[in-house]
Amino acid sequence: MAIKILANDGISDSGKEALEKEGFEVITTKVAQNQLIDYINKHAIDVLLVRSATQVRKDIIDSCPSLKLIGRGGVGMDNIDVAHAKSKNLHVINTPASSANSVAELVFAHLFSGVRFLHDANRNMPLEGDTQFNELKKNYNNGAELRGKTIGIIGFGRSGQAVARIAIGLGMNVMAYDPKVTEAVITLDFFDGQTLPFTIKTVEKEHLLAKADFITLNNSPAEGGYILDAKEFALMKDGVGVINLARGGALNEVALIEALDSGKVAFAGLDVFENEPNPAIQVLMHPQVSLTPHIGAATNEAQNRIGFELASQIITLFK
């Protein structure tokens, strides 16, 4: 009998095709969270694949004896009780390599938006552009360039290194902090086939916080509690920009709002939130926050790579 895979949050065509070619049955029905246990048991699902929408907690792991593997299309596995799954001899896989470039490009979308006030201009131009054009022009006329500035990257795994690659290309100075990484070689690939390697040595977190013009959280090292809290904001330069694409609980949003209101932080870019899927209204309404709804890996290219990487791992495990 074919091994049954429920891709509850979807899977790319390339991933689905690769699995079906090897004889797996791939189901892409979207099952509601509260009906998942019944569905998995009724259809004897062997593999559950999720992105960030579906939660795979102890109740599912304990109540679904047919499950052999849980896969996360993406990097972070906050929505899966990984340790509990492994204690029940379930395989747990993710796709750390596939979405790094998409995440890094969104970091810079938020950075460019912040230094040129695009997020605020895009809110106000439709409302007041025809009547307050000159006033708006005045409001947004003190932008900044990224070139020559220092970017501090917290979490120097694949996504953090992809951020460094873009930053070097833009002419930025790169600092990185990660307790598990001492140095990394960042290779720039150019359109004409040339490559150029750069070695980045990581630094202490406090040193990075004090020196960086912009700070970005990427797959941030799990330290328990907030990585950026009031204490960390106090160490930063005045007028710093802060970007979070790591996870919702990586920074204290109350402390962030205070730092924005005091001028310590000039702008923030957030793709993840403490209270997903109901972010705090103070965060959503703040004029100095650039916002996206957890779409770091949501590009066609990344989803294709994610589907294919999941398929490759599943085929290797089962075949």
Side-chain angles (χ1 to χ4, degrees), residues 7-12 15 49-56 71-80 82 93-115 118-119 122 146 151-167 169-170 174 176-178 186 214-222 226-228 241-251 253 256 267-280 283-284 289-310:
N8 204 47
D9 298 332
I11 187 169
S12 69
L49 301 182
V50 302
R51 289 185 195 162
S52 55
T54 303
Q55 303 285 316
V56 190
R72 160 78 163 98
V75 183
M77 296 202 283
D78 292 358
N79 56 324
I80 301 170
V82 176
I93 61 173
N94 66 341
T95 58
S98 298
S99 57
N101 192 65
S102 291
V103 170
E105 289 192 7
L106 187 60
V107 166
F108 281 91
H110 281 292
L111 275 173
F112 280 119
S113 183
V115 293
L118 301 186
H119 55 291
N122 280 321
L146 296 182
I151 188 167
I153 303 165
I154 296 180
F156 208 44
R158 287 180 175 90
S159 294
Q161 290 176 31
V163 169
R165 196 172 297 117
I166 297 173
L170 283 168
V174 176
Y177 160 74
D178 192 314
I186 309 298
F214 309 103
I215 292 167
T216 171
L217 291 166
N218 292 273
N219 306 338
S220 49
Y226 297 118
I227 289 164
L228 297 183
V242 175
I243 311 290
N244 184 20
L245 269 82
R247 54 186 170 80
L251 65 78
E253 290 173 2
L256 173 65
F267 70 87
L270 302 177
D271 184 54
V272 288
F273 303 88
E274 287 194 71
N275 300 317
E276 281 183 44
N278 306 108
V283 173
L284 297 179
V289 181
S290 173
L291 302 153
T292 47
H294 203 151
I295 55 166
T299 61
N300 296 328
E301 294 86 350
Q303 291 308 318
N304 269 324
R305 289 191 296 264
I306 284 168
F308 202 77
E309 192 181 342
L310 281 173

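Annotation for Ala297 and Ile306: closest pair CB-CD1, 4.3 Å, computed over non-hydrogen atoms. Of all heavy-atom pairs spanning Gly157 and Asp178, the tightest one is N-OD2, 3.9 Å. The nearest pair of heavy atoms linking Ser102 to Ala302 is OG-CB, 3.3 Å. Counting all heavy atoms, side chain and backbone alike, Val75 lies closest to Ser99 at CG2-OG, 3.7 Å.
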Worked check of side chain to side chain contact (heavy atoms under 4.5 Å, CB included) between Glu105 and Ile166 = CA-CA 8 Å; Glu105 289 192 7; Ile166 297 173; 4.0 Å; yes
query = Given the rule in the side chain to side chain contact (heavy atoms under 4.5 Å, CB included) test, do Tyr177 and Ile215 qualify, once you have shown the distances and angles that lead to the verdict?
reply = CA-CA 11 Å; Tyr177 160 74; Ile215 292 167; over 6 Å; no
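A heavy-atom distance below 4.5 Å is found between the side chains of Ile93 and Leu310. Residues Leu111 and Ile151 form a side-chain contact, since some pair of their non-hydrogen atoms from C-beta on lies under 4.5 Å apart. Within the 4.5 Å cutoff, no side-chain heavy atoms of Ile243 are placed close to those of Phe108. The shortest distance between side-chain heavy atoms of Leu170 and Phe112 falls below 4.5 Å. A 4.5 Å side-chain heavy-atom check between Leu228 and Ile154 finds at least one atom pair inside the cut-off. Annotation: side chain of His110 is not in contact with side chain of Phe214 (no heavy-atom distance under 4.5 Å).
Rounding to the nearest 0.5 angstrom, the gap separating the OG1 atom in Thr95 from the CZ atom in Arg51 is 9.5 Å. Between the CD1 atom of Ile186 and the CZ atom of Phe156 there is a distance of 4.0 Å, given to the nearest 0.5 Å. Leu118 CG to Ser113 OG: the interatomic distance, rounded to the nearest 0.5 Å, is 4.5 Å. For the atom pair CD1 of Ile11 and CG of Asn304, the computed distance is 10.5 Å after rounding to the nearest 0.5 Å.
For Phe273, the side-chain contact (heavy atoms from CB on, under 4.5 Å) partners are Glu253, Leu270, Glu276, Pro279, Val283, Leu291, not counting sequence neighbours.
Of the options Asp271, Asn244, Leu245, Leu217, a side chain to side chain contact (heavy atoms under 4.5 Å, CB included) to Val107 is made by Leu245 and by none of the others.
Residue pairs meeting the side chain to side chain donor-acceptor pair (under 3.5 Å) criterion with at least one member in residues 151-164, sequence neighbours excluded, are Ser159-Asn219.
With Asn218 contributing its side chain and Gly160 its backbone, the two residues share no donor-acceptor pair below 3.5 Å. In this structure, Arg305 contributes its side chain and Glu309 its backbone to no donor-acceptor pair below 3.5 Å. Between the side chain of Ser12 and the main chain of Gly15, a donor-acceptor pair closer than 3.5 Å is present.
At a cut-off of 3.5 Å, with distance as the only test, no side-chain donor of Ser52 or Asn79 sits close to an acceptor on the other residue.
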